[in-house]
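Just so we're clear, the structure is a prediction, and the values are computed from it rather than from any experiment.
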Amino acid sequence: AGAGWGPWLAMAGVVCRAKKTEQIRLIGLEASAERFALMTRHLNFNHLDPQHGVAVDLFEGAVWSHDGVIHFPDSDLADMGAAASAASISRDYRGHAVSSREVPCTRLSSLVGENSEVDFLHVDVQGAEGEVVASHLDWLNRNVKALMVATHSRPLEGELMTLLSAQGWVLMREKPCQFDAGRIMEDWCGATSADGSQYWINGKFTEKPSKKVQCD
């Protein structure tokens with residue numbers, strides 16, 4: 001979700017194929033038309049397509065808390081910081097002047113399936129991760145085994161840690177984001193100079209340790 005040119009998606013497909021996984025389904029969402037085209041080319045270059053036995057579903061739009069439309073700014077292909085918004089805006093969270101257009105949006109449960117088991121989900125939506133996770137929490141708890149979330153502010157990192165740990169998720173890896181101190185910010189995401197990440201495992205799917213009896 002927020003797939004960009006598909007680095008995580010292609011890597012997952014290549015690794016699964018190398019492990020001789022019998023069935024591979026890759027699902028990618030990207031709202032930038034230019035990066036969506038790059039993602040399609042990237043997957044085809046790696047022979048990750050139905051002709052080579054890989055199910056691929058690509059959605060040119062954004063993940064959101066509802067099905068419908070939202071707004072996404074027109075941005076340079078190299079700008080990986082563009083973020084969707086619920087309404088049309090003239091200035092983004094970084095203070096950049098932008099013009100936005102309507103793009104389709106979807107809930108993950110609508111695109112992936114209400115009861116589809118997901119082995120790995122990567123979410124990178126430029127600061128909206130908290131809203132996406134919170135609005136999909138029941139679905140995530142039921143269906144997703146592992147979750148990698150990009151983080152774009154310290155408040156967001158704390159929000160995710162509080163939210164997911166309370167639901168029985170286990171934080172396996174964490175890299176805090178970096179930000180420029182000494183600035184007054186309306187949105188802390190705008191002060192971030194290097195994104196962070198959190199890797200979570202759903203406690204529902206983890207193996208519980210067996211009870212061991214030791215005799216001396």
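Minimum interatomic distance between Ile70 and Ala62 (heavy atoms only, all atoms of both residues): CD1-CB, 3.6 Å. Residue Val133 comes nearest to Leu160 through the heavy atom pair CG2-CD2, 3.9 Å, listed as atom of the first residue, atom of the second, then distance. Of all heavy-atom pairs spanning Asn141 and Asn202, the tightest one is O-ND2, 3.0 Å. Of all heavy-atom pairs between Gly196 and Cys177, the closest is N-CB, 3.4 Å. The heavy-atom pair separating Lys175 from Asp195 by the smallest distance is CE-O, 3.8 Å. Here the closest heavy-atom approach between residue Ser165 and residue Trp200 is recorded as N-CZ3, 3.9 Å.
A search for side chain to side chain contact (heavy atoms under 4.5 Å, CB included) contacts involving Ala146 returns Phe120, Tyr199, Ile201, not counting sequence neighbours. Residues forming a salt bridge (charged side-chain N to carboxylate O under 4.0 Å, His left out) with Asp57 (at least two apart in sequence, or on another chain): Arg25. The side-chain hydrogen bond (donor to acceptor under 3.5 Å, both in side chains) test applied to Thr21 returns no partner, not counting sequence neighbours. For the salt bridge (charged side-chain N to carboxylate O under 4.0 Å, His left out) test, residues two or more places apart in sequence or in another chain that qualify with Lys145 are Glu117, Asp119. Every salt bridge (charged side-chain N to carboxylate O under 4.0 Å, His left out) that Arg101 has, sequence neighbours left out, goes to Asp74. Applying the side-chain hydrogen bond (donor to acceptor under 3.5 Å, both in side chains) criterion to Trp64, with sequence neighbours excluded, gives no partner residue. Evaluation of the side-chain hydrogen bond (donor to acceptor under 3.5 Å, both in side chains) rule for Lys204 yields no partner, not counting sequence neighbours. Applying the side-chain hydrogen bond (donor to acceptor under 3.5 Å, both in side chains) test to Thr40 and every residue at least two apart in sequence or in another chain returns nothing.
For the pair Phe205 and Val144, the minimum side-chain heavy-atom distance is 4.5 Å or more. Between His66 and Cys105, the closest side-chain pair of non-hydrogen atoms falls below 4.5 Å. Between Leu140 and Leu121 the shortest side-chain heavy-atom distance falls below 4.5 Å. Side-chain contact between Leu164 and Leu171: absent, with no pair of heavy atoms (C-beta onward) separated by less than 4.5 Å. Two residues are said to be in side-chain contact when any heavy atoms from C-beta on lie closer than 4.5 Å; His71 and Val103 fail this criterion. Between Asp49 and Val54 the shortest side-chain heavy-atom distance does not fall below 4.5 Å. Side-chain contact between Leu108 and Thr106 is absent, with no heavy-atom pair separated by less than 4.5 Å. In this structure the side chain of Arg107 never reaches within 4.5 angstrom of the side chain of Val63, judged on heavy atoms.
Glu30 places a side-chain N or O within donor-acceptor distance of the main-chain N or O of Gly4, the cut-off being under 3.5 Å. Side chain of Asp124 to backbone of Ala150: no donor-acceptor contact under 3.5 angstrom is found. Distance alone, capped at 3.5 Å, is enough to place a donor-acceptor pair between the His136 side chain and the Val132 backbone.
The ring-ring contact (aromatic ring centres under 6.0 Å, His included) analysis of residues 149-179, with sequence neighbours excluded, yields the pairs Phe179-Trp188. Sequence neighbours left out, the pairs with a member in residues 150-173 that pass salt bridge (Lys or Arg N to Asp or Glu O under 4.0 Å) are Arg154-Glu157. For residues 128-143, the salt bridge (Lys or Arg N to Asp or Glu O under 4.0 Å) pairs, not counting sequence neighbours, are Glu114-Arg142.
One distance of note links CZ of Arg35 with CH2 of Trp5; it measures 12.0 Å at 0.5 Å rounding. Taken from CE in Met148 to OG in Ser197, the straight-line distance is 5.0 Å, to the nearest 0.5 Å. To the nearest 0.5 angstrom, Ile24 atom CD1 is 12.0 Å from His52 atom NE2. The distance from the CD atom of Gln126 to the OG atom of Ser153 is 11.0 Å, given to the nearest 0.5 Å.
When hydrophobic clusters are built by joining Ile, Leu, Val, Met, Phe, Trp and Tyr residues whose side-chain heavy atoms come closer than 4.5 Å, directly or via intermediates, Val125 is grouped together with Val112. Connection of Val123 to Val118 is established within a shared hydrophobic cluster, with ILVMFWY side chains joined at heavy-atom distances below 4.5 Å, either directly or through further cluster members. Both Leu147 and Ile27 sit in one connected hydrophobic cluster of ILVMFWY residues. Membership requires side-chain heavy atoms under 4.5 Å apart, directly or through other members. Under the 4.5 Å side-chain heavy-atom criterion for grouping Ile, Leu, Val, Met, Phe, Trp and Tyr, Phe59 is not connected to Leu43 through any hydrophobic cluster.
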What verdict does the side-chain contact (heavy atoms from CB on, under 4.5 Å) test give for Met172 and Val170, after you've listed the backbone C-alpha separation in whole Å, the side-chain angles of each residue and the deciding distance to 0.1 Å? CA-CA 6 Å; Met172 304 297 294; Val170 181; 3.7 Å; yes
Extract all donor-acceptor atom pairs below 3.5 Å that involve side chains of residues 7-19 and protein atoms in other chains or at least two apart in sequence.
{"residue": "Trp8", "atom": "NE1", "partner": "His122", "partner atom": "NE2", "Å": "3.3"}
{"residue": "Arg17", "atom": "NH1", "partner": "Asn46", "partner atom": "O", "Å": "3.2"}
{"residue": "Arg17", "atom": "NH1", "partner": "His47", "partner atom": "O", "Å": "3.0"}
{"residue": "Arg17", "atom": "NH2", "partner": "Asn46", "partner atom": "O", "Å": "2.7"}

